[in-house]
**Q** 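I'd like to ask you about the structure that follows.
In listed order, ligands and their atoms are each counted from 1.
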Amino acid sequence: MSAPLTATAIAHPNIALVKYWGKRDVAENLPAVGSLSLTLDAIRSRTRVRFEPGRKGDHVLLDGREDQAAALRVSACLDLLREAAGVTHGALVDTDNDFPTAAGLASSASGFAALVTAAAAALGLRLPLHELCRMARIGSGSAPRSLFGGFVLLQPSPDGDVGVEPLLAPDSWPLRVIIAITAAGPKAMGSRAGMAASRDTSPFYSEWLRSHPADLRAGRRCVEARDFPALAELAEASCLKMHAVMLATRPPLIYWSPATLACLQVVQALRRDGVPVFFTIDAGPQLKAVCEPAAAATVHEALAAVPGVVRLIDSGLGPGAHCIDD
Ligand code: PMV
């Protein structure tokens with residue numbers, strides 16, 4: 001059967017509980033450290049890819065607009081898929097996010113996971129998962145995690161690549177994630193440039209690399225044991241350690257807004273009062289509060305009352321990237 005040349009895929013953003021920051025190999029976009037994440041269900045990227053025989057170059061629409069910077073990264077990813085399929089067709093790529101793009105909500109992770117899933121289907125490729133992971137990683141270091149649902153571990157493998165391992169399915173430990181959006185604009189510095197600056201200038205970067213494998217091992221243990229209190233402490237420590245590296249970068253990478261810090265303090269106060277919730281924050285001003293299902297309404301209400309919170313997204317854990325009918 002010939003390849004359909006067109007396919008559409010959905011992928012959900014993922015949120016890291018043990019963070020990744022830094023590249024081991026910039027050209028290959030290999031992360032310097034592993035990470036542990038959970039995939040969300042409430043927000044998604046949807047990407048339609050249409051290859052056209054005879055077409056030169058790719059045309060990329062992101063949220064309905066042409067985007068030159070995104071197009072370069074998309075083409076680098078599609079080149080790998082074209083090579084695997086032995087074709088040279090250019091592609092029309094139409095991708096939309098139902099949440100703010102490039103604002104610390106992992107839109108590049110879901111976007112590139114959806115892209116490689118759709119492109120592989122369009123080209124009729126049945127790739128081993130590690131190949132699909134490698135292709136997604138060229139687009140975004142955290143994208144391989146969005147190929148899978150639930151809790152996902154990404155770790156450096158002995159051959160120098162990274163391996164991705166789904167740890168728990170979404171319904172095996174159905175935690176909730178309340179995302180407090182404190183500013184919807186794009187972030188001041190993208191994570192690629194930020195990571196390079198941290199590697200070159202942050203005095204804490206080497207300690208981050210040294211101490212990370214132990215955090216990752218502890219993260220795996222917490223998830224496998226479904227140990228919420230231990231995961232809460234570890235995830236907050238990993239998040240703050242990453243932000244300490246960022247803050248000590250020159251010029252400093254300060255991704256928080258005053259409302260981010262206010263949300264953080266609300267989450268800390270809730271936990272002191274016995275509510276099972278913890279926070280995590282990425283390269284942007286949004287705070288993600290992870291909680292047990294019974295605490296979700298309390299957490300939502302408390303974050304909604306924080307001045308500067310413009311919107312809340314309540315999410316469960318979601319599935320990995322998958323194709324949908326065109
Ligand atoms: O996927 P990238 O390469 O843009 O990196 C994102 C890194 C953080 O979101 C800040 C942390 C993480 O592990 O997701």
**Q** What part of Arg192, side chain from CB on, backbone N/CA/C/O, both or neither, has a heavy atom under 4.0 Å from ligand 1?
**A**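 Contact part for Arg192 vs ligand 1: neither.
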**Q** Enumerate the atoms of ligand 1 whose separation from the nearest heavy atom of Met195 is less than 4.0 angstrom.
**A**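 Counting atoms of ligand 1 from 1, those under 4.0 Å from Met195 are 3 (O), 5 (O), 7 (C).
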**Q** Distance check, rounded to the nearest 0.5 Å: Asn97 atom CG versus Arg44 atom CZ?
**A**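 Asn97 CG to Arg44 CZ: 7.5 Å, rounded to 0.5 Å.
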**Q** As an exercise, identify every atom of ligand 1 less than 4.0 angstrom from a heavy atom of Ala16.
**A**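 Result: 12 (C), 13 (O), 14 (O).
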**Q** So for Ser140, does at least one of its heavy atoms come nearer than 4.0 angstrom to any atom of ligand 1?
**A**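 It does; at least one heavy atom falls under 4.0 Å.
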**Q** What part of Arg145, side chain, backbone, both or neither, has a heavy atom within less than 4.0 angstrom of ligand 1?
**A**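 Side chain only.
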**Q** Heavy-atom distances under 4.0 Å decide this one: backbone, side chain, both or neither, for Ser142 against ligand 1?
**A**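 For Ser142, the contact with ligand 1 is made by both the backbone and the side chain.
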**Q** With a cut-off of 4.0 Å, which atoms of ligand 1 are near a heavy atom of Ser191?
**A**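 Those qualifying, in numeric order: 2 (P), 4 (O), 5 (O).
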**Q** Does even one non-hydrogen atom of Lys23 get within less than 4.0 Å of ligand 1?
**A**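 Per 4.0 Å heavy-atom rule, Lys23 contacts ligand 1.
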**Q** Tell me, do Cys323 and Thr117 make a side-chain contact under 4.5 Å, heavy atoms counted?
**A**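 Answer yes - side chains close enough.
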**Q** If we ignore hydrogens and angles and just use 3.5 Å, is the side chain of Ser238 paired with the main-chain N or O of Leu234 as donor and acceptor?
**A**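 No; zero donor-acceptor contacts below 3.5 Å.
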**Q** Under 4.0 Å between a Lys/Arg side-chain N and an Asp/Glu carboxylate O for Asp282 and Lys19?
**A**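 Result for this pair is yes, salt bridge flagged.
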**Q** Between Asp215 (side chain) and Val18 (backbone), is there a donor-acceptor pair under 3.5 Å?
**A**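 Pair absent, no side-chain N/O of Asp215 close to backbone of Val18.
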**Q** Side chain or backbone, does Ser35 bring an N or O within less than 3.5 Å of an N or O on ligand 1?
**A**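 No - when backbone and side-chain N and O of Ser35 are compared with those of ligand 1, no distance drops under 3.5 Å.
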**Q** Establish, from distance only, whether the side-chain atoms of Asp161 and His130 form a donor-acceptor pair under 3.5 Å.
**A**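 No, no side-chain donor-acceptor pair sits under 3.5 Å.
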**Q** Evaluate the salt bridge (charged side-chain N to carboxylate O under 4.0 Å, His left out) criterion for residues Glu28 and Lys23: first the C-alpha distance (whole Å), next the side-chain angles of each, then the deciding distance (0.1 Å), finally the verdict.
**A** CA-CA 9 Å; Glu28 277 290 307; Lys23 312 278 187 202; over 6 Å; no
